[in-house]
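What you see is a predicted model; the values in this text were computed from it and never measured. Atom set for the values below is all heavy atoms of this structure, side chains included, hydrogens, waters and symmetry mates excluded. Chain letters run A, B, ... following the sequence lines, proteins first and then strands; every chain starts at 1.
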Amino acid sequence: MLDIQILRNDLAGVAARLATRGFVLDTTKFEQLEGERKVIQTRTQELQAKRNSASKQIGIAKSKGEDVSAIMAEVANLGDELKQAEVQLGEVQIALQTMLEVLPNMPNESVPVGKSEADNVEVRKVGSVPKFDFAVKDHVSLGEGLGGLDFETAAKISGARFSLLKGGLARLHRALAQFMLDTHIDQHGYTETYVPYIVNSASMRGTGQLPKFEQDLFQVSFGGTSNKAAMVNVYADKFLGDGLVANDANIKVDVENWYLIPTAEVPVTNMVRDEIVPLEKLPMKFVAHTPCFRSEAGSAGRDTRGMIRQHQFDKVELVQMVHPDESYVALEQLLGHAETILQKLGLHYRVVKLCTGDIGFSAAMTYDIEVWLPAQNTYREISSCSNFEAFQARRMQARFRNAQGKPELLHTLNGSGLAVGRTLVAVLENYQQADGSVVIPEVLRPYMGGLEKLAG
RNA sequence: GGAGAGGUGGCAGAGUGGUCGAAUGUACCUGACUCGAAAUCAGGCGUGCGGUACUCCCGCACCGAGGGUUCGAAUCCCUCCCUCUCCGCCA
């Protein structure tokens, strides 16, 4: 969420910066709502002050045994007026909040301006494109040849966009995750975490998946029919008053739901939601290995072959909560931590800085790491490392106590370190041999019982 | 699933309709005493929002969450969430 103060003070500036990422800010609507808010809030608070002082006087008078009918008469008509003002205030505040919650973050000044993926800037290439003196196979053919990759059975069990691993491939998948975790814990100073895979809507709201991207998520029902929260816990009730119902067309109602995490970023980052952490606890660095669940609603027909784009995949996620002054240094470090994994695995990759038109909703700056896939003859995203500045922290009220002792929003970052499924794909394709076998990278062999090669 | 107890400021813990944003203790900060420290004494010490006003002023809101009753709610009523204890079931 953006700081409403910045919108008040420099609306045109915000609009200009959001425009670089292709977002049109409705400044007229904001100014109108903000104007209304100011009038209504001032009036409401005046009425509340009046009620408070009158009530206090009644209390004092009664304790002295004096007659209170005169003061009572004075506030007799206050009730209705106040209630009406409070309802109006609630409505305008919800409208403002609803507008704010769907505004994307402002890109950092140094993010290259561009419209799409095509305008992203390559930062560096590490390693070189591997040469093969035979016709390369893709990971699907390799995996099926090795007898460990079975999409048909996965489809029978679940449906499209699921995969099933067996034997050496399943173990290689596990080895990759273990190797990544161990590296980040032992060499990069991250604290290992095990977190819930089902989260509430407040957590999704905190990191920015809600309210705008609900269609990308899997929602979880409770006990088969209604989930417990659908028993309607409507936070807007206070403002809606008696006359309005929850599904009133103009008012967004927040019903408490459960969702499967689309990334460990959600549960891990939300650890600090509604917290004020001591200054000396920063930076906080956490790593988690979790499955991730995505509906892929908007990508029908894309990457349908293989395990590149699945409803369920594993990812090792790096998350940091840092002092605002440190977040860009931390981003470079976090990126380096992710790159280390690829380097140790001996995989060729490049780092790309996303342009304003391609960065995600919550991010102020993002680097993607793209690994070379020989069968596709191209680079594919295997990690995305972002600095969210205070965007998520403001939604979460995640703060630290600064040197002056005052609560201040901290900065959050995260990055894949790495996507396990795609790393498996990269290892299979890059380490394939002419006979269809796959050499196991040396760093993984300790996790594979010393095995050097997967062969059918 | 059954029965019971409870959710108040960093922590502990009072407060069952009225000058309560909230006693007291403790932790923490400042000052005094001291060569210094401890002890002691004095003072300070929640968060968010608004008023063109970050550290000065004023107001509003917040005692798990959301509703309700009332001139007035931490306190009474309703719903939900969470925690703890015992029993049952279960990996």
For A:Tyr447, all residues meeting ring-ring contact (aromatic ring centres under 6.0 Å, His included), sequence neighbours excluded: none
With A:Phe388 via ring-ring contact (aromatic ring centres under 6.0 Å, His included) - residues at least two apart: none
Say we look at [N] and [M]: how far apart would their [atom1] atoms be, to the nearest angstrom?
N     : M     : atom1 : result
B:C82 : B:G66 : C1'   : 15 Å
B:U85 : B:C80 : P     : 23 Å
B:G4  : B:U79 : P     : 15 Å
B:G50 : B:G10 : C1'   : 28 Å
B:C84 : B:C28 : P     : 29 Å
B:C63 : B:A12 : C1'   : 16 Å
B:U8  : B:A73 : C1'   : 14 Å
B:G44 : B:C56 : P     : 15 Å

Please state how far atom [atom1] in [X] lies from atom [atom2] in [N], giving the value in whole angstrom units.
X        : N     : atom1 : atom2 : result
A:Met1   : B:G48 : CE    : P     : 13 Å
A:Glu81  : B:C71 : CD    : C1'   : 15 Å
A:Ile71  : B:G18 : CD1   : C1'   : 12 Å
A:Leu89  : B:G59 : CG    : C1'   : 14 Å
A:Leu82  : B:A73 : CG    : P     : 11 Å
A:Glu275 : B:G10 : CD    : C1'   : 12 Å
A:Met72  : B:G72 : CE    : P     : 9 Å
A:Asn9   : B:U52 : CG    : C1'   : 10 Å

Do side-chain atoms of A:Arg43 reach the backbone of A:Ala85 as a donor and acceptor pair under 3.5 angstrom? no
Pairs meeting criterion salt bridge (charged side-chain N to carboxylate O under 4.0 Å, His left out) with involvement of residues 14-33 of chain A, two or more places apart: A:Arg17-A:Glu109
Pairs in or reaching into residues 175-200 of chain A: which pass salt bridge (charged side-chain N to carboxylate O under 4.0 Å, His left out), with residues at least two apart or in two chains? none
Those residues of residues 398-409 of chain A lying under 4.0 Å from RNA chain B by at least one heavy atom: A:Arg399, A:Arg401, A:Lys406, A:Pro407
Taking only N and O in the side chain of [X], is any of them less than 4.0 Å away from OP1 or OP2 of [N]?
X       : N     : answer
A:Asn52 : B:C60 : yes
A:Arg51 : B:A61 : yes
A:Lys56 : B:A73 : no

Determine which bases of RNA chain B form Watson-Crick or G-U wobble pairs with both distances under 3.5 Å, and write the result as a 5' to 3' dot-bracket string with | for other-strand partners. ((((((((.[[[..)..(.....]]].(((((.......))))).((((((.....)))))).[[[[[..)....]]]]])))))))....
What side-chain donor-acceptor pairs closer than 3.5 Å can you find for residues 321-337 of chain A, not counting sequence neighbours?
from, atom 1, to, atom 2, distance (Å)
A:His323, ND1, A:Asp325, N, 3.0
A:Ser327, OG, A:Asn387, ND2, 2.9
A:Ser327, OG, A:His411, ND1, 2.8
A:Tyr328, OH, A:Asn108, ND2, 3.1
A:Tyr328, OH, A:Glu389, OE2, 2.4
A:Glu332, OE2, A:Tyr367, OH, 2.6
A:His337, ND1, A:Tyr190, OH, 2.8
A:His337, ND1, A:Gln333, O, 3.4

Of A:Ile276 and A:Gly59, whose closest RNA chain B nucleotide lies nearer the 5' terminus? A:Gly59
With nearest nucleotide decided by heavy atoms, which residue, A:Ser53 or A:Ile58, maps closer to the 5′ end of RNA chain B? A:Ser53
A:Glu275 with A:Arg399: basic N within carboxylate O range, under 4.0 Å: no
Quick note, side-chain hydrogen bond (donor to acceptor under 3.5 Å, both in side chains) partners involving residues 45-54 of chain A, not counting sequence neighbours, are A:Gln48-A:Glu86
Can you confirm whether more than 12 heavy atoms, excluding those of A:Gln187, are under 6.0 Å from its CD atom? yes
For A:Thr193, give me all partners under side chain to side chain contact (heavy atoms under 4.5 Å, CB included), at least two apart in sequence or on another chain. A:Val195, A:Val268, A:Met271, A:Phe286, A:Ala288
Only counting residues at least two apart or in another chain, list the ones meeting side chain to side chain contact (heavy atoms under 4.5 Å, CB included) with A:Ala338. A:Ile369, A:Ser383, A:Cys385, A:Leu418
Less than 3.5 Å apart, any donor N or O on the side chain of A:Ser203 or A:Arg273 sitting next to an acceptor on the other? yes
Just to be sure I understand the rule, does A:Ala49 reach a base, reach only the sugar-phosphate, or reach nothing, if contact means heavy atoms closer than 4.0 Å? sugar-phosphate
So which protein nitrogen or oxygen atoms get under 3.5 Å of nucleotides 49-51 of chain B's nitrogens or oxygens?
from, atom 1, to, atom 2, distance (Å)
B:C49, O2', A:Gln41, NE2, 3.3
B:G50, OP1, A:Arg8, NH1, 2.3
B:G50, OP1, A:Arg8, NH2, 2.8
B:G50, OP2, A:Gln5, NE2, 3.2
B:G50, O4', A:Gln41, NE2, 3.2
B:G50, O3', A:Arg37, NH2, 3.0

Please tabulate, for the side chains in residues 306-316 of chain A, all donor-acceptor contacts under 3.5 angstrom to protein atoms that are two or more places apart in sequence or on a different chain.
from, atom 1, to, atom 2, distance (Å)
A:Arg309, NE, A:Asp303, OD2, 2.8
A:Arg309, NH1, A:Glu296, OE1, 3.4
A:Arg309, NH2, A:Asp303, OD2, 3.0
A:Gln310, OE1, A:Ser163, N, 3.1
A:Gln310, OE1, A:Ser163, OG, 2.9
A:Gln310, NE2, A:Gly306, O, 3.2
A:His311, ND1, A:Arg294, O, 2.8
A:His311, ND1, A:Ser295, O, 3.4
A:Asp314, OD2, A:His289, NE2, 2.8
A:Lys315, NZ, A:Thr263, OG1, 2.8
A:Lys315, NZ, A:Glu317, OE1, 2.6

